[in-house]
Amino acid sequence: MELVDKAKNFVAEKVANIKKPEATVSDVDLSSVHRDRVEYIAKISVNNPYSHPLPICEVSYTLKSDGRVIASGNMPDPGSLKASDITILNVPVNVPHSILVSLVRDISRDWDIDYELEVGLTIDLPIIGNFTIPLSSKGEVKLPTLSDFF
């Protein structure tokens, strides 16, 4: 039994020391305005320390303003991380107009809203399997103006 415990501890220690990709939210910007929604793009910068590409299983997101969830979902077909390089993921975040209308009442004169973006980046790591990198970012983002619609 002691040998099994030593083996478990050895494996746990090795897994804890395995290089893992690191990610940050670098920007959130207004991308486009549609009849039913406004699309923001969250730029996620991911550094892959491995010499081979890593498949991205899922990118999920939740966008909040003033503590309320205003958008959540998954990025379709996120692709792979480039080998030994930084990959920039452009995650589309769609906010329905009905939610924006309710936010307009709460905004300041500069037409910005405070946001908090939570992202879960799930990557398929060798040996470990699926590994989720949790990200969080806070800031201000512009609301669309009438000129954005035309």
Side-chain angles (χ1 to χ4, degrees), residues 1-34 36-100 102-103 106-108 110-144 148:
M1 206 52 157
E2 191 176 313
L3 184 61
V4 171
D5 287 340
K6 282 185 179 180
K8 282 183 186 175
N9 287 339
F10 177 79
V11 169
E13 192 175 297
K14 290 297 178 196
V15 167
N17 293 325
I18 287 178
K19 293 183 290 183
K20 298 174 188 80
E22 295 179 359
T24 56
V25 177
S26 56
D27 198 15
V28 177
D29 273 323
L30 177 64
S31 170
S32 58
V33 177
H34 305 273
D36 59 338
R37 70 192 189 290
V38 173
E39 183 178 271
Y40 292 93
I41 293 291
K43 289 185 185 342
I44 313 289
S45 176
V46 190
N47 185 10
N48 179 5
Y50 292 101
S51 59
H52 54 274
L54 292 176
I56 303 170
C57 302
E58 180 180 42
V59 178
S60 58
Y61 62 84
T62 302
L63 182 65
K64 297 177 183 175
S65 181
D66 199 27
R68 295 180 296 189
V69 173
I70 59 173
S72 64
N74 296 328
M75 178 182 174
D77 304 319
S80 295
L81 299 179
K82 294 181 228 167
S84 303
D85 201 358
I86 292 174
T87 302
I88 303 294
L89 298 171
N90 290 314
V91 181
V93 177
N94 293 302
V95 180
H97 282 308
S98 58
I99 291 180
L100 287 177
S102 70
L103 290 176
D106 303 334
I107 63 170
S108 60
D110 58 5
W111 214 243
D112 290 341
I113 58 167
D114 292 330
Y115 73 84
E116 180 178 356
L117 178 67
E118 295 169 353
V119 177
L121 179 64
T122 305
I123 299 165
D124 187 5
L125 283 180
I127 302 169
I128 295 177
N130 287 358
F131 174 77
T132 300
I133 303 171
L135 301 168
S136 184
S137 174
K138 291 182 178 183
E140 283 187 345
V141 69
K142 288 271 184 215
L143 282 172
D148 292 318

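Below, each value reflects all heavy atoms present in this structure, side chains not excepted, and no hydrogens, waters or symmetry copies.
Residues in residues 51-63 take part in these side-chain hydrogen bond (donor to acceptor under 3.5 Å, both in side chains) pairs, two or more places apart or across chains: E58-N74. For residues 39-52, the set of pairs meeting the salt bridge (Lys or Arg N to Asp or Glu O under 4.0 Å) definition, not counting sequence neighbours, is empty.
Annotation: side chain of L81 is in contact with side chain of T87 (closest heavy-atom distance under 4.5 Å). Counting only heavy atoms from C-beta outward, the side chains of P21 and P49 approach each other to under 4.5 Å. The shortest distance between side-chain heavy atoms of L54 and S80 does not fall below 4.5 Å.
Here the shortest heavy-atom pairing between A83 and N48 reads CA-ND2, 3.9 Å. Of all the heavy atoms in H34 and S32, the pair that sits closest is NE2-OG, 2.9 Å. Closest non-hydrogen pair, S65 versus D114, comes out as OG-O, 2.9 Å. Between L117 and A42, the shortest heavy-atom contact is CD2-CB, 3.6 Å.
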Please walk me through it: do V119 and V91 pass side-chain contact (heavy atoms from CB on, under 4.5 Å)?
CA-CA 10 Å; V119 177; V91 181; 5.6 Å; no

Is there a side-chain contact (heavy atoms from CB on, under 4.5 Å) between L89 and V59 once you walk through the steps?
CA-CA 9 Å; L89 298 171; V59 178; 4.3 Å; yes

Verdict with reasoning, L30 to V38, per side-chain contact (heavy atoms from CB on, under 4.5 Å)
CA-CA 8 Å; L30 177 64; V38 173; 3.2 Å; yes

So N47 and D85, side-chain contact (heavy atoms from CB on, under 4.5 Å) or not? Walk me through it.
CA-CA 6 Å; N47 185 10; D85 201 358; over 6 Å; no

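With sequence neighbours excluded, no residue forms a ring pair (Phe, Tyr, Trp, His ring centres under 6.0 Å) with Y115. Residues passing the salt bridge (Lys or Arg N to Asp or Glu O under 4.0 Å) test with K82, sequence neighbours excluded: none. Partners of S136 under the side-chain contact (heavy atoms from CB on, under 4.5 Å) rule, at least two apart in sequence or in another chain, are E116, E118.
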Ignoring hydrogens and angles, write down the donor-acceptor pairs under 3.5 Å from the side chains of residues 120-130, residues two or more places apart or on other chains.
residue: T122; atom: OG1; partner: T132; partner atom: OG1; Å: 2.9

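Taking CD1 from I70 and CD1 from I99, the interatomic distance works out to 7.0 Å, rounded to the nearest 0.5 Å.
With I113 as the fixed residue, the side-chain contact (heavy atoms from CB on, under 4.5 Å) test singles out one of V95, V141, D66, L63: V141.
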